[in-house]
Amino acid sequence: MQAYLLSLLLIIPLAGALVTLAMPSTSKQFRTIALAISLLQVIVLLLVFSHYSTQQNGLQLIELKPWITLDMGAWGILKANYFLAVDGLSLPLVALSVIVILIAVISSWKIEKSPKGYFALLLILNAAVIGTFCAQDFLLFYLFFEFMLLPMFFLIGIWGGVKREYASIKFFLYTLLGSIFILIVMIALYLSTQSIGDGELIIHSFSLVDMQDVNNIISNSILDPQRNVSILGMSARTWAFILLFIGFGIKLPMIPLHTWLPDAHVEAPTPISVLLAALLLKIGGYGLLRITYPIFPDIALELSWLVALFGVVSIIYGGLAAMASKDLKRLIAYSSVSHMGFVLLGVASVTPEGSAGAIYQMVSHGIISTMLFLLVGVLYDRTHDRMIGNYSGLSTKMPVYFTFTLIAFFASLGLPGLSGFMAELMVFLGAFKSGSTNYLLHESFAIVATFGLVLGAIYYLWTLQRMFFGKFHVKSGINNNLADVDLREKIMLIPLLLITITLGIFPQLLLDFINPFAEAFSSSILESGKTLRALLQR
Amino acid sequence: MSQALLLNLLFFLLGLPLVSAMLAQFISEKYRWLNPLIAVFLLLLTTITGISICVAQWNEAPVLLEHTWFSLGNYTITAGFYINNVTLVMVSVVSFISLMVHLFSSGYMAGDRFEKSYYTMLGFFTFCMLGLVLANNILLLFIFWELVGFSSYTLIGHWREKAIAAKAAGKAFVINRIADLGFIAAILILYTQTNSFSLTEVTQLTNEFWRNAAAISLLIAVMGKSAQVPFFNWLPSAMEGPTPVSALIHAATMVVAGIFLLIRMFPLFSPEALDIVVIVGSITALLGALAALHQYDIKKILAYSTISQLGLMLAAVGSGAYGVALLHLFTHAFFKAGLFLSAGAIIHVLHQAQHTAHVHFDVQDIRNLGGLKKMMPITLVCFAICSAALSGFPMLSGFQSKDAILVSLFNWSGNSWRLIFTWTVVVSFVLTIVYSVRMLWYIFFATAKKTSLLRVSEAPGILRIPIILLSLCSLWFVVSVHPLEYNGWLLNSIQPAKHYLFITWLSMILIPTLSVIAWWWYKSKELSRVYPVLKNGFYLDRVYDKAGKNTVLTLAYTAKKSDQGIDGFIHVLAYAQVTFAHLLAWFDKWIIDGGVNGIAWMARQTGALARSFSGGKIQTYIFWTTFTLIIFLFWILF
């Protein structure tokens with residue numbers, strides 16, 4: 001049983017998708033199936049947790065089965081494995097996915113436009129997201145990664161708002177571009193990596209674990225640091241790092257590759273916005289931590305300042321753009337850009353604090369952004385309008401809604417005692433400490449990034465002031481008979497609120513999982529980075 | 001006291017206000033009268049607990065109670081309590097003033113529409129403020145530091161329909177946030193240098209550069225929270241909140257958190273850093289007093305007065321006499337809370353009278369008041385005691401603490417350039433006397449203006465009790481038995497101050513004399529015109545609006561513009577590709593189709609593909625072009 005837990009987590013939604021597709025489209029039970037699937041996944045997740053040991057470092061619950069083996073003659077043997085496992089990076093994100101998907105299903109309860117297709121796509125997306133976080137084989141990872149793209153494209157393009165086609169195509173184009181970059185690097189990596197313990201015939205490997213080991217680099221291959229292939233004045237390894245960085249940067253998204261995000265968010269229906277912000281963006285950060293940094297540690301040490309710079313720019317620019325937004329959902333989308341900048345900064349610091357902070361931020365942002373998008377949805381459901389300027393004095397009409405929004409906004413702007421602050425603090429600590437321990441980043445990166453906190457306070461409080469305070473008023477033509485938050489909405493919001501508070505006060509609950517990974521991550525990047533650079537200089 | 005008992009009592013102390021906060025949310029509308037009752041009762045218990053802890057632990061060795069909180073990297077961070085005499089003084093002040101304010105609120109806020117959230121936030125604030133003074137490490141302290149700011153935000157904006165209140169709340173939070181970047185910087189420095197957050201460990205930092213950097217960063221945070229130059233403008237605006245809130249948060253407790261922080265982190269400050277503290281403090285003391293002299297709104301007078309008094313406390317810490325700063329913090333808490341609550345009582349009573357008389361004017365404007373002497377005699381006595389304490393009248397606590405400040409400042413300055421700042425403080429003392437007299441005169445003694453239209457009676461008992469208690473606490477005996485001696489129970493156990501009898505005697509003569517002159521001056525003339533620059537707090541608001549807000553907004557719109565630029569670029573790219581795809585389709589249709597049969601098969605495939613591009617699916621096209629590119633790349637590389 002234990003050996004198949006992760007597969008089970010994937011198979012359940014896929015089976016659900018098949019069942020959904022087999023049912024007549026007149027049925028009303030699609031949402032029930034999706035809910036049942038999500039609840040089942042929660043149970044499986046609990047089993048996963050019960051079999052996971054925080055004392056033990058490295059990958060756990062490993063499922064490794066040969067998948068593709070092809071003798072390609074002179075090209076060696078192509079080998080890809082069905083390789084699933086979780087560690088301190090994957091497990092928190094898998095848990096986040098399961099929770100957020102459950103909330104998204106509840107939030108989709110009132111979807112009326114062809115529910116069959118909607119829930120089928122949702123279930124496929126569900127499997128793909130969890131697969132991406134569990135896959136430890138690059139080919140498998142890539143497969144899941146691409147698999148996410150199509151359901152998302154259709155979910156925005158069919159169930160979205162007025163400009164949904166534009167938004168979905170933009171989303172698709174951007175992400176596809178990123179995918180192509182990742183694909184290029186994947187092929188190059190494949191050609192340059194062997195798995196250990198074989199005879200004369202080179203066995204190429206897609207395994208991420210193999211790729212992270214310096215000893216597995218095939219000598220004289222394109223990514224061999226000693227061969228030092230130069231393309232357009234930069235080494236092939238640097239190119240590979242940059243391509244991966246761009247590929248995952250688009251997903252994250254970082255400035256200036258972010259313009260798909262606000263449009264996609266604004267047009268997507270609430271549950272899809274939730275999935276997009278809470279899960280899909282995390283794959284960018286996950287990719288950096290799982291693939292870009294560990295496989296190219298030498299380049300990582302060299303270019304970390306650049307990653308941090310993009311992080312800081314994202315933090316500040318995202319905050320400023322949020323301030324200029326007139327649409328509430330767009331504002332929150334930009335605040336996501338700003339918050340994901342912290343992930344970049346944390347990863348770039350290559351310190352235990354910073355990398356732990358980056359992961360913490362991903363989880364925390366997943367929870368908080370879910371809350372924020374749900375709250376926008378609450379208002380949009382009632383009025384079909386999201387313009388900040390069209391409302392005033394909502395707090396007197398919808399006091400419970402005001403309370404939720406108040407806490408969610410403050411969570412997002414980094415009020416201590418809530419999860420976002422803990423994450424950002426760790427990132428700051430890591431980035432600042434990097435200046436005196438591993439010398440990758442100058443102290444000023446952290447100091448400039450702190451201004452993001454001020455920007456956050458400004459745009460959120462300004463929004464509160466405009467929409468919630470003052471005399472109650474909505475622009476004419478908008479439904480002004482506003483009911484307060486109902487039971488279904490409370491069922492979604494309260495658990496999220498509790499998670500945010502809990503993670504804000506008891507960070508160790510999450511750090512128990514994250515810390516071993518973060519320590520191993522930062523020390524191995526520094527070590528193998530130095531080894532590789534020594535190879536280069538020889 | 002045994003540690004286990006102490007720990008239990010501390011949890012009790014922190015838990016009670018928190019329970020009060022939560023209960024307020026769960027009591028149904030039907031039993032809303034229970035709200036103030038429960039809150040006051042729980043706060044009474046809090047105060048009793050707080051004062052018992054204070055009495056039992058007084059002059060004991062500092063106690064550190066901690067528990068593992070979380071681990072970062074290889075370091076374990078603890079959370080817990082650090083208790084020494086300073087903590088104990090703060091605990092008693094916070095819990096007692098909070099009790100008084102809760103009691104006052106039960107009358108003042110009765111029937112308010114959002115009473116529930118009012119008591120929740122008041123209880124939550126008390127919890128956070130107690131947490132702040134008890135915290136054993138700087139991170140925990142910062143968490144509570146920000147949380148009291150959050151409580152302040154919600155309480156300033158308590159009257160949600162008042163747009164100006166929301167604006168003031170936001171301003172207070174944002175300005176504090178800006179200053180708090182200093183706090184974060186200090187945390188980063190201290191953690192990086194000492195690998196710890198613990199108060200006892202971080203203050204041991206030896207590296208001189210980082211020590212000074214941390215001290216100055218902390219000072220910036222203090223300047224925000226304690227409303228110093230140039231951040232003070234949030235405090236007068238914060239007066240839009242309910243008056244009891246102003247008494248608790250914006251006079252007696254939250255704003256002094258900055259002073260508390262300075263005292264806690266005192267070992268970190270080098271003599272040079274301390275000089276800067278005095279400079280900031282003394283300038284603020286002067287500017288605050290000047291502005292207070294030119295206000296018409298009672299609450300604004302009190303707000304600027306608070307700013308000025310906070311400046312004095314900063315100056316005292318900077319002169320090295322942190323004990324004296326704590327003493328002034330202690331005495332100021334009572335008389336300033338007393339003043340605010342008296343002002344609240346006046347506002348409350350006049351509002352009620354306005355309702356019955358159907359007359360409307362701004363009851364906070366001293367130009368409309370006057371003649372309240374006969375109508376509210378008890379309030380008058382209390383107000384007079386508290387404002388006399390504020391101006392430093394002998395026999396009152398203010399005299400002792402201000403005397404101590406003067407002595408320590410003169411000790412600090414000696415005969416150096418520092419004398420300028422000491423004299424700045426002296427001038428602010430004189431101004432304090434003048435504005436206190438002005439306030440007292442125009443509210444109570446001047447001929448009744450618009451108040452004559454109203455039938456005013458004394459404030460109800462529930463409002464009077466806290467005021468009377470607070471003015472009693474403004475008498476000399478809270479400091480020491482001897483009315484001219486400042487080295488009483490407090491200073492003797494924390495940091496005894498030197499004496500300088502000449503100053504003590506001189507101020508004993510000068511302060512009453514100056515008060516009489518000021519009295520006579522205001523009696524003989526009409527309310528003088530005020531200088532706009534002082535009335536508007538040196539136009540700090542306008543400067544921030546022009547320089548800060550506009551810059552940020554311009555940047556924000558630039559960001560928006562540049563996003564549109566990026567999108568424009570992408571659109572051009574997309575159009576170019578669509579056009580290219582059309583060309584390809586045309587080429588495929590007219591030229592390749594006419595070719596050899598063998599190629600025709602392939603052409604049909606690509607043609608079908610290309611035709612699909614013209615349907616708008618350019619993404620597939622990109623995919624294929626890039627794919628070709630990859631193949632090409634491999635071809636040249638191997």
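Proteins come first, then strands; the chains are lettered A, B, ... in the order of their sequence lines, and each starts at number 1.
- Listed options B:Thr558, B:Ile164, B:Ile178 were ranked by heavy-atom pairs under 4.5 angstrom with chain A; first place goes to B:Ile178.
- The shortest side-chain heavy-atom distance between A:Lys433 and B:Asn195 falls under the 4.5 Å cut-off.
- Summarising the geometry, atom CD1 belonging to A:Ile447 is positioned 7.0 Å from atom OG belonging to B:Ser217; distances are rounded to the nearest 0.5 Å.
- Among A:Leu415, A:Ile458, A:Leu406, A:Thr351, the residue with the largest count of heavy-atom pairs under 4.5 Å with chain B is A:Leu415.
- Looking at A:Ala518, neither its backbone nor its side chain comes within 4.5 Å of chain B, counting heavy atoms on both sides.
- Only the side chain of A:Asp263 comes within contact range of chain B, with at least one heavy atom under 4.5 Å from a heavy atom of that chain.
- Using a 4.5 Å cut-off between heavy atoms, B:Asn176 does not touch chain A at all.
- Of all heavy-atom pairs between B:Ser71 and A:Leu511, the closest is O-CD1, 3.6 Å.
- For a residue to count as touching a neighbouring chain, one of its non-hydrogen atoms must lie under 4.5 Å from one of that chain's; by this rule B:Thr154 touches chain A with the side chain only.
- Interface remark: A:Tyr460 contributes no atoms to any contact with chain B (heavy atom separation under 4.5 Å).
- Going from atom CG of A:Leu177 over to atom CD1 of B:Ile570 covers 9.5 Å, rounded to the nearest 0.5 Å.
- The backbone N or O of B:Gly170 lies less than 3.5 Å from no partner atom in the side chain of A:Trp462, so there is not a single donor-acceptor pair.
- Ranked by heavy-atom pairs shorter than 4.5 Å toward chain A, the options B:Ser562, B:Ala185, B:Ala169, B:Ala165 are led by B:Ser562.
- Comparing B:Asp180, B:Ile77, B:Ile189 by how many heavy-atom pairs each has under 4.5 Å with chain A, the most go to B:Ile189.
- Taking the ring centroids of A:Phe506 and B:Phe70, they lie at or beyond the 6.0 Å cut-off.
- Contact of B:Ile184 with chain A is made through the side chain alone, with heavy-atom distances under 4.5 Å.
- Taking CD1 from A:Ile505 and CD1 from B:Ile143, the interatomic distance works out to 8.5 Å, rounded to the nearest 0.5 Å.
- The 12-atom threshold is exceeded at NZ of B:Lys116, counting heavy atoms of other residues, nucleotides or ligands nearer than 6.0 Å.
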- When you look at B:Arg160 and A:Lys471, which way does the side-chain contact (heavy atoms from CB on, under 4.5 Å) test go after all the steps? CA-CA 8 Å; B:Arg160 297 172 189 173; A:Lys471 290 259 184 293; over 6 Å; no
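- Taking each heavy atom of A:Gln508 and B:Trp69 in turn, the nearest pair found is CB-O, 3.6 Å.
- Qualifying ring pair (Phe, Tyr, Trp, His ring centres under 6.0 Å) partners for B:Phe125, counting only residues two or more places apart in sequence or in other chains: none.
- Annotation: side chain of A:Lys170 is in contact with side chain of B:Asp567 (closest heavy-atom distance under 4.5 Å).
- Residues A:Phe410 and B:Leu147 have side chains not in contact (no heavy-atom distance under 4.5 Å, counting atoms from C-beta outward).
- Among A:Arg466, A:Gln465, A:Met323, the residue with the largest count of heavy-atom pairs under 4.5 Å with chain B is A:Gln465.
- Considering every non-hydrogen atom in both B:Ala559 and A:Ala321, the closest pair reads CB-N, 4.0 Å.
- For B:Glu208, the CD atom is loosely surrounded, since the number of other residues' heavy atoms within 6.0 Å does not exceed 12.
- Between B:Phe173 and A:Leu413, some side-chain heavy-atom pair lies under the 4.5 Å cut-off.
- Side-chain atoms of B:Thr192 and A:Thr437, non-hydrogen and from C-beta on, never get closer than 4.5 Å to each other.
- Neither the backbone nor the side chain of A:Ile514 comes within contact range of chain B; no heavy atoms are under 4.5 Å apart.
- In terms of heavy-atom pairs under 4.5 angstrom with chain B, the leader among A:Gly357, A:Pro352, A:Ala457 is A:Ala457.
- Listed for the B:Arg177 side chain is a donor-acceptor partner under 3.5 Å among the backbone atoms of A:Leu453.
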- Message: Applying side-chain contact (heavy atoms from CB on, under 4.5 Å) to A:Glu519 and B:Asn74, what does each step give before you reach the verdict?
- Response: CA-CA 8 Å; A:Glu519 277 161 48; B:Asn74 303 320; 3.7 Å; yes
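- Partners of B:Phe183 according to the ring pair (Phe, Tyr, Trp, His ring centres under 6.0 Å) rule, which considers only residues two or more places apart in sequence or in another chain, are B:Phe142, B:Trp145.
- In this structure, chain A has heavy atoms under 4.5 Å from both the backbone and the side chain of B:Leu188.
- Looking at A:Glu165, neither its backbone nor its side chain comes within 4.5 Å of chain B, counting heavy atoms on both sides.
- The part of B:Leu139 that comes within reach of chain A is its side chain, from C-beta onward, which places non-hydrogen atoms under 4.5 angstrom from that chain.
- Heavy atoms closer than 4.5 Å to chain B are found in both the backbone and the side chain of A:Phe451.
- For B:Tyr191, the part sitting under 4.5 Å from any heavy atom of chain A is the side chain, from C-beta outward, and nothing else.
- Between A:Leu464 and B:Tyr153 the shortest side-chain heavy-atom distance falls below 4.5 Å.
- Remark: the backbone N or O of A:Ala324 is not paired with any side-chain donor or acceptor of B:Tyr557 at under 3.5 angstrom.
- Within residues 392-401 of chain A, the residues that have a heavy atom under 4.5 Å from a heavy atom of chain B are A:Ser395, A:Thr396, A:Pro399, listed by number.
- Taking the side chain as every heavy atom from C-beta outward, A:Tyr166 and B:His571 approach each other to under 4.5 Å.
- Here the side chains of B:Ile566 and A:His258 are in contact, with some heavy-atom distance below 4.5 Å.
- With sequence neighbours excluded, the residues satisfying ring pair (Phe, Tyr, Trp, His ring centres under 6.0 Å) with A:Phe402 are A:Phe468, A:Phe469.
- Residue B:Phe144 does not touch chain A at all, counting heavy-atom pairs closer than 4.5 Å.
- Counting heavy-atom pairs under 4.5 Å between each of A:Thr403, A:Leu429, A:Leu455 and chain B puts A:Leu429 at the top.
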- Determine, step by step, whether B:Asp563 and A:Thr259 satisfy the side chain to side chain donor-acceptor pair (under 3.5 Å) criterion, reporting the C-alpha distance in whole Å, the side-chain angles of both residues, the deciding distance to 0.1 Å, and the verdict. CA-CA 7 Å; B:Asp563 256 28; A:Thr259 61; over 6 Å; no
